[in-house]
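Notes to accompany the following structure.
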Number of protein chains: 2
Amino acid sequence: MEARIEKIKQQLQSHGFKLTPQREATVRVLLENEEDHLSAEDVFMLVKDKAPEIGLATVYRTLELLSDLHVVEKMNFGDGVARYDLRNDSTRHHHHHLICVQCGALDEIMEDWLTDLELRLENEYRFQVLDHRLDFQGICHRCRDKNNS
Amino acid sequence: MEARIEKIKQQLQSHGFKLTPQREATVRVLLENEEDHLSAEDVFMLVKDKAPEIGLATVYRTLELLSDLHVVEKMNFGDGVARYDLRNDSTRHHHHHLICVQCGALDEIMEDWLTDLELRLENEYRFQVLDHRLDFQGICHRCRDKNNS
DNA sequence: ATGAATGCAAAACTTTTGCAGGACG
DNA sequence: CGTCCTGCAAAAGTTTTGCATTCAT
């Protein structure tokens, strides 16, 4: 955990930004809730425990900054709020989402299933893939069990 | 074109809704701009040519209604506005997006590349897929040509 | 001292809602 | 009438911005 903070600190510094206490608190919240796809408001509320004086604007600015540096990924699931995820490496994002339309659960698949497709894109469309996003909507296994009982 | 309007009219009526002049104007705008991913505001401005008295709220309500009926698909590309696409059939949506991070162009792949993956999801995760979404970010072939010249 | 970063409040923007009036069977 | 639908205006919600102040060098 400390190592990951240190790495992010260096990413900031190499672009001329500082890891201020507010930014560190924000990053720690993201680290402690890596599974969660937090919205800016979510992050704000959690950060307030660590740094009660922080303002919502600072959280937005921090998330925006981290997003520009590709430390976090900004996502939209169609519910009107942006959600933010720490990236595991600073380069590519290799997981997919299973969104249950019945209970709203959001599961993840950590494998990258798209390598073949990206090759096809490169060859057939001459499109150089930098990142991708793959979401499935459907019924999760829990709801299927529930529905059948 | 008229045939497609007629079909949408029937879809509305079968659920107890009417194809009012405002709704028809909205659908026509969507039909005439099928390649674009229009935002509600875009639709509103285009619809005003056909029906100047229409209100923005009506456009939102119409798009929401058509979305519920799966006549249009509501999408988010991360720029803070929802965008709406007519579906070709009323069941599944089988195209993917190539988003160029350099020029912002949005190309589409009309094939469905995910059938295999959906089988795997069904077998390995017991997730019943109803719909999916696949976007790639990268550099489009036009920008690659431009960059190399 | 200088530039970067913050907090607060206000503003901007997208989307939703309340409500009075209209259309239409 | 009754119900669905509309336009307008107001409200709600998220995100951005302006600005004075504070914080680090």
Side-chain angles (χ1 to χ4, degrees), chain A residues 8-29 37-69 71-85, chain B residues 8-29 37-69 71-85:
Chain A
I8 291 168
K9 181 177 180 182
Q10 285 168 11
Q11 285 178 271
L12 283 166
Q13 289 177 341
S14 72
H15 288 84
F17 302 108
K18 301 171 201 165
L19 184 64
T20 63
Q22 291 90 337
R23 286 178 182 163
E24 179 171 339
T26 304
V27 169
R28 283 187 188 278
V29 163
H37 309 295
L38 301 174
S39 70
E41 193 81 29
D42 295 337
V43 174
F44 178 56
M45 286 179 0
L46 290 166
V47 167
K48 278 209 145 182
D49 295 341
K50 297 183 195 300
E53 75 293 351
I54 201 173
L56 178 56
T58 300
V59 171
Y60 271 103
R61 283 187 279 234
T62 300
L63 293 172
E64 182 69 20
L65 175 60
L66 294 175
S67 181
D68 289 346
L69 296 180
V71 172
V72 307
E73 183 180 12
K74 184 176 180 179
M75 278 176 300
N76 264 286
F77 291 111
D79 59 349
V81 295
R83 302 187 171 274
Y84 300 85
D85 260 27
Chain B
I8 291 168
K9 180 176 179 180
Q10 284 169 12
Q11 284 178 271
L12 283 166
Q13 288 177 341
S14 71
H15 289 84
F17 303 108
K18 301 171 201 166
L19 184 64
T20 63
Q22 291 91 335
R23 286 177 184 164
E24 180 171 338
T26 304
V27 169
R28 283 187 188 276
V29 163
H37 303 280
L38 300 176
S39 69
E41 193 81 28
D42 294 336
V43 174
F44 178 55
M45 284 177 4
L46 290 167
V47 166
K48 277 207 144 179
D49 295 340
K50 298 181 195 300
E53 75 295 350
I54 201 172
L56 179 56
T58 301
V59 171
Y60 271 103
R61 284 187 280 235
T62 300
L63 291 173
E64 181 69 23
L65 176 60
L66 295 176
S67 181
D68 290 345
L69 296 180
V71 172
V72 306
E73 182 180 11
K74 184 176 179 180
M75 279 175 299
N76 265 287
F77 291 110
D79 59 348
V81 296
R83 301 186 171 276
Y84 300 85
D85 260 27

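Residue numbering restarts at 1 for every chain, and letters A, B, ... go by the order of the sequence lines. What you see is a predicted model, and the numbers here were worked out from it, not measured in a lab. Both backbone and side-chain heavy atoms feed into the values below; hydrogens, waters and symmetry mates do not.
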What is the distance, rounded to the nearest whole Å, between atom [atom1] of [X] and atom [atom2] of [N]?
X: A:Leu65; N: D:dT15; atom1: CG; atom2: C1'; result: 16 Å
X: B:Glu24; N: C:dA23; atom1: CD; atom2: P; result: 18 Å
X: A:Asp42; N: D:dG13; atom1: CG; atom2: P; result: 15 Å
X: A:Leu66; N: C:dA5; atom1: CG; atom2: C1'; result: 14 Å
X: B:Leu63; N: D:dT6; atom1: CG; atom2: C1'; result: 15 Å
X: B:Gln13; N: C:dC24; atom1: CD; atom2: C1'; result: 14 Å
X: B:Asp68; N: C:dT16; atom1: CG; atom2: P; result: 11 Å
X: B:Lys18; N: C:dC24; atom1: NZ; atom2: C1'; result: 6 Å

* **Bend angle of the helix from C:dA1-D:dT25 to C:dG25-D:dC1, end axes from five pairs each (to 10°)** =>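 Angle reported: 10°, given to the nearest ten degrees.
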Specify the closest pair of heavy atoms between [X] and [Y], including all atoms of both residues, with the distance to one decimal.
X: B:Lys48; Y: B:Ile54; result: CE-O, 4.0 Å
X: A:Tyr84; Y: A:Ser39; result: CD1-C, 4.4 Å
X: B:Phe44; Y: B:Leu56; result: CE1-N, 3.4 Å
X: B:Val72; Y: B:Leu63; result: CG2-O, 3.8 Å
X: B:Leu19; Y: B:Lys9; result: CD2-CB, 3.8 Å

* Asked: Does a sphere of radius 6.0 Å around NZ in B:Lys50 hold more than 12 heavy atoms from other residues, nucleotides or ligands, not counting ones at 6.0 Å or beyond?
  ->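 Yes, enclosed.
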Polar pairs (N or O, both sides) under 3.5 Å between protein and nucleotides 12-15 of chain C?
from, atom 1, to, atom 2, distance (Å)
C:dT15, OP1, B:Ala82, N, 2.8
C:dT15, OP2, B:Tyr60, OH, 2.4
C:dT15, O5', B:Tyr60, OH, 3.2

* To do: Nearest 0.5 Å please: distance from the CG atom of A:Asp68 over to the CD atom of A:Glu64.
  =>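 Here the rounded value is 5.0 Å.
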* To do: Assess whether side chain to side chain contact (heavy atoms under 4.5 Å, CB included) is satisfied between B:Arg23 and B:Phe17, documenting all intermediate values.
  => CA-CA 10 Å; B:Arg23 286 177 184 164; B:Phe17 303 108; 3.9 Å; yes
* To do: Applying side chain to side chain contact (heavy atoms under 4.5 Å, CB included), run through B:Arg28 and B:Val47 and close with a yes or a no.
  => CA-CA 8 Å; B:Arg28 283 187 188 276; B:Val47 166; over 6 Å; no
* To do: Please confirm whether B:Phe77 and B:His37 have ring centers closer than 6.0 angstrom.
  =>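 Between B:Phe77 and B:His37, the centre distance is under 6.0 Å.
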* Using a strict cut-off of less than 4.0 Å between a Lys/Arg side-chain nitrogen and an Asp/Glu carboxylate oxygen, indicate whether A:Asp42 and A:Arg83 qualify as a salt bridge. =>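 A salt bridge is present here (some side-chain N lies under 4.0 Å from a carboxylate O).
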Identify the pairs formed between an N or O of the protein and an N or O of nucleotides 6-10 of chain C at a distance under 3.5 Å, and give each distance.
from, atom 1, to, atom 2, distance (Å)
C:dT6, OP1, A:Thr20, OG1, 2.5
C:dT6, O3', A:Gln22, NE2, 2.9
C:dG7, OP1, A:Gln22, NE2, 3.2
C:dG7, OP1, A:Glu53, O, 3.3
C:dG7, OP2, A:Gly55, N, 3.1
C:dG7, OP2, A:Thr58, OG1, 2.6
C:dG7, O5', A:Glu53, O, 3.4
C:dG7, N7, A:Arg61, NH2, 2.9
C:dG7, O6, A:Arg61, NH2, 3.3

